[in-house]
Amino acid sequence: MLDSRWFKAAGVAVALTLAPATAAHAAPAESTAAVVTLRYDDSRAGGWEAAIAAGVASWNANVGNVKLVEAAPGTRAEIKIVATSGWPQATLGPVRPGGQARVELGSQAVTQGHDKTRIAAHELGHSLGLPDTKPGPCSQLMSGSSAGTSCTNAVPNAAERSRVESAYAGGLASLVPADGRILVDAP
């Protein structure tokens, strides 16, 4: 006796068999990559709101398969962002949906002249799985403070974008567990 799983499997096989025959009459299908949505909570990051919004916008504009969205009040967020008086630091990801990462946006770096938006985008990069690339040029977002206080670049370069997209390929974060180390971005 056959169970319902056989019929479901047979239905899929029929649909797959018929697809090529009807494809000539249908409009071309658009290929869309699965997008991983990660929520962030910046309710404890007073004074950093504009920098966080700009850092999030930079990642969302430059990486196609990961979208950072602000968590609705009372909902769980994968990335918790807080303001501190120390040096910026973050949990090294890639954080997965349902996982947990922490970003600390430290005012000590701002006091020394570093750009708030670059700091926010850089720390979010850690949550997405990128380590520091120190020392490095301003063109590398993950070079962090080693690029100097005149650097305001908050945009990931091609290699950084590619690494994040690879970590979230197929709609899932990397099968490799998040590193979980805390990276402190002091010079």
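Basis for what follows: all heavy atoms, side chains included, without hydrogens, waters or symmetry-related copies. In what follows, residues are counted from 1 in the order of the sequence shown. Please read all numbers here as calculations on a predicted model, not as lab measurements.
Two residues are said to be in side-chain contact when any heavy atoms from C-beta on lie closer than 4.5 Å; Leu105 and Ile81 meet this criterion. Looking only at side-chain heavy atoms (C-beta outward), Met142 and Lys134 stay at 4.5 Å or farther from each other. By the 4.5 Å heavy-atom criterion applied to side chains, Ser143 and Asp132 are not counted as neighbours. At a threshold of 4.5 Å between non-hydrogen side-chain atoms, the residues Trp87 and His114 count as touching. Between Ile79 and Leu124 there is a side-chain heavy-atom pair separated by less than 4.5 Å. Considering only heavy atoms from C-beta on, Trp59 comes within 4.5 Å of Leu141 through its side chain.
Each of Val66, Asn62, Val63, Leu128 was scored for a side-chain contact (heavy atoms from CB on, under 4.5 Å) with Glu165, with one residue passing: Val63. Residue Pro88 is tested with Glu123, His126, Gln108, His122 for a side-chain contact (heavy atoms from CB on, under 4.5 Å); the sole match is Glu123.
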- Message: Between Trp48 and Val110, does the side chain to side chain contact (heavy atoms under 4.5 Å, CB included) criterion hold? Intermediate values first, please.
- Response: CA-CA 11 Å; Trp48 287 84; Val110 176; 3.6 Å; yes
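By the side chain to side chain contact (heavy atoms under 4.5 Å, CB included) test, Pro135 is found to be paired with Ser146, residues two or more places apart in sequence or in another chain being considered. A search for side chain to side chain contact (heavy atoms under 4.5 Å, CB included) contacts involving Thr111 returns nothing, not counting sequence neighbours. With sequence neighbours excluded, no residue forms a side chain to side chain donor-acceptor pair (under 3.5 Å) with Glu49. Among residues two or more places apart in sequence or in another chain, the side chain to side chain contact (heavy atoms under 4.5 Å, CB included) test is passed with Arg163 by Leu130, Pro131. Checked against side chain to side chain donor-acceptor pair (under 3.5 Å), Thr133 has the following partners two or more places apart in sequence or in another chain: Gln140. Residues meeting the salt bridge (Lys or Arg N to Asp or Glu O under 4.0 Å) test with Glu104, sequence neighbours left out: Arg102.
The backbone N or O of Asn157 lies less than 3.5 Å from a partner atom in the side chain of Glu160, making a donor-acceptor pair.
Within the structure, salt bridge (Lys or Arg N to Asp or Glu O under 4.0 Å) pairs that include any residue of residues 111-120 do not occur (at least two apart or interchain). The disulfide (SG to SG under 2.5 Å) contacts involving residues 94-168 comprise Cys138-Cys151, where partners must be two or more places apart or lie in separate chains. Sorted by first and then second residue, the side chain to side chain donor-acceptor pair (under 3.5 Å) pairs with a member in residues 36-45 read Arg39-Glu78, Asp41-Ser43; sequence neighbours excluded. Sorted pairs that involve residues 39-68 and meet disulfide (SG to SG under 2.5 Å), not counting sequence neighbours, are lacking altogether. For residues 69-117, there are no disulfide (SG to SG under 2.5 Å) pairs, not counting sequence neighbours. Residue pairs meeting the disulfide (SG to SG under 2.5 Å) criterion with at least one member in residues 84-120, sequence neighbours excluded, do not occur.
Rounded to the nearest 0.5 Å, atoms CG (Asn60) and CG (Leu38) are 9.5 Å apart. Atom NZ of Lys67 sits about 13.5 Å away from atom OH of Tyr168, to the nearest 0.5 Å.
Ala101 approaches Ser127 most closely through the heavy-atom pair CB-OG, 3.9 Å. Across every non-hydrogen atom of Val36 and Pro97, the tightest pair is CG1-CG, 3.5 Å. When every heavy atom of Ala77 is checked against every heavy atom of Ala71, the shortest pair comes out as CB-CB, 3.9 Å. The shortest heavy-atom contact between Val155 and Ser58 is CA-OG, 3.5 Å.
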